[in-house]
Amino acid sequence: MKKVILFDLDGTLMNTKEGITKCATYALKHYGIYVENLDSLEFFIGPPLHKSFEEFYGFDEKKAAEAASVYRERYRDIGVYECEPYTGIEEVLNYLFERGYQLAVATSKPEVFAKQIMEKFQFSKYFVTVVGSLLDNSRSSKKEVIEEVFTQLGVGTVYQKSEVLMIGDRKHDIIGAKQTDIETLGVKYGFARENELEEAGADYIAEQPQDIIKIIRELEEK
């Protein structure tokens with residue numbers, strides 16, 4: 001039975017598309033790159049920010065770090081709040097919280113911004129901890145974030161890895177969790193491409209937030 005459940009933030013708890021894509025546009029404009037279709041920038045949602053600038057725009061490490069800094073000029077005061085919880089996700093959190101699960105946020109988003117979002121939408125009450133990347137781009141991989149959650153919650157001592165489940169919407173969530181030897185639940189209502197979660201090897205798949213409860217109930221009966 002699972003006792004600890006980790007949630008990704010972008011595309012899993014929150015629809016953060018507006019803030020992320022508008023801030024990406026802001027940063028790219030700084031470098032003379034103009035993008036009108038925000039939908040075309042959805043690849044920025046999920047992975048570490050600087051890695052997206054490197055992978056999709058060919059920025060070197062130094063330029064990518066600078067671009068991330070420019071991005072956060074807008075994100076810090078405006079973009080961070082351009083988001084909303086997915087319909088039904090609070091019911092999921094409330095269900096899990098009331099049943100005694102230990103819940104944590106494990107996100108590649110900077111931790112300071114993740115905590116702001118949790119506070120704004122009054123989600124902090126559900127989570128034992130909120131762990132993200134640091135503003136210097138360290139601890140940005142999902143594996144590193146999950147390992148920090150393990151340290152804080154005592155996974156390996158108080159809890160076994162077999163008792164932990166990672167829930168996320170992108171392959172990075174699934175791959176990072178696999179690297180730490182925990183099971184995964186991929187959600188399709190976020191920003192994954194077609195078959196992305198299956199190809200990454202997600203152990204379970206939820207089409208909608210309410211399906212998370214159904215899957216958890218099935219795991220409880222095993």
Counterpart residues, ring pair (Phe, Tyr, Trp, His ring centres under 6.0 Å), relative to [X] (two or more places apart):
| X | answer |
| --- | --- |
| Tyr31 | Phe59 |
| Tyr189 | Tyr86 |
| Phe113 | Tyr75 |

Kindly give the cluster partners of Val145, where membership spreads through any ILVMFWY side chain lying under 4.5 Å from a current member.
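Joined to Val145, directly or through intermediates: Val4, Leu6, Val128, Val131, Ile146, Val149, Phe150, Leu153, Val155, Val158, Tyr159, Val164, Met166, Ile182.
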Please name all residues satisfying salt bridge (charged side-chain N to carboxylate O under 4.0 Å, His left out) with [X], sequence neighbours left out, ordered by chain then number.
| X | value |
| --- | --- |
| Glu199 | none |
| Glu196 | Arg170, Arg193 |
| Arg72 | none |
| Asp10 | Lys109 |

Donor-acceptor pairs are to be reported for all side-chain atoms of residues 40-53 against protein atoms at under 3.5 Å, with residues two or more places apart or in another chain.
| residue | atom | partner | partner atom | Å |
| --- | --- | --- | --- | --- |
| Ser40 | OG | Asn37 | O | 2.6 |
| Glu42 | OE2 | Lys17 | NZ | 3.0 |

Look only at the side chain of [X] and the backbone of [Y], and say whether a donor-acceptor pair between them is shorter than 3.5 Å.
| X | Y | result |
| --- | --- | --- |
| Asp60 | Lys63 | yes |
| Thr180 | Ala177 | yes |
| Ser140 | Ser108 | no |
| Asp203 | Thr184 | yes |
| Thr12 | Asp169 | yes |

side-chain hydrogen bond (donor to acceptor under 3.5 Å, both in side chains) partners for [X], two or more places apart:
| X | answer |
| --- | --- |
| Lys29 | none |
| Glu119 | Ser124 |
| Lys3 | Glu163 |

Does the side chain of [Y] come within less than 4.5 Å of [X]'s, by heavy atoms?
| X | Y | answer |
| --- | --- | --- |
| Glu91 | Gln210 | no |
| Met118 | Leu13 | yes |
| Arg99 | Glu220 | yes |
| Tyr71 | Leu28 | no |
| Phe123 | Met14 | yes |
| Tyr204 | Lys214 | no |
| Arg74 | Glu82 | yes |
| Glu90 | Phe121 | no |

Flag yes if more than 12 heavy atoms outside Glu61 fall under 6.0 Å of its CD atom; otherwise flag no.
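Atom CD in Glu61 is not crowded, with 12 or fewer foreign heavy atoms closer than 6.0 Å.
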Give a yes or no on whether Gln122 atom CD has more than 12 heavy-atom contacts from other residues, nucleotides or ligands under 6.0 Å away.
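12 or below, so no.
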Is there a path of hydrophobic side-chain contacts, each under 4.5 Å between heavy atoms of I, L, V, M, F, W or Y residues, that connects [X] with [Y]?
| X | Y | answer |
| --- | --- | --- |
| Ile167 | Ile174 | no |
| Ile216 | Ile205 | no |
| Leu219 | Met1 | yes |

Indicate yes or no: does Glu147 engage Lys143 in a salt bridge with an N to O separation below 4.0 Å.
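So Glu147 pairs with Lys143 through a salt bridge.
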Leu197 side, atom CG; Leu185 side, atom CG - distance, nearest 0.5 Å
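Answer rounded to 0.5 Å: 9.5 Å.
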I need the Ile213 CD1 to Leu93 CG distance, nearest 0.5 Å.
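Reported to 0.5 Å precision, the distance equals 9.0 Å.
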Can you name the closest pair of heavy atoms from [X] and [Y] and give their distance?
| X | Y | answer |
| --- | --- | --- |
| Val70 | Ala27 | CG1-CA, 3.8 Å |
| Cys83 | Ile117 | SG-CG2, 4.1 Å |
| Phe7 | Ile5 | CE1-CG2, 3.7 Å |

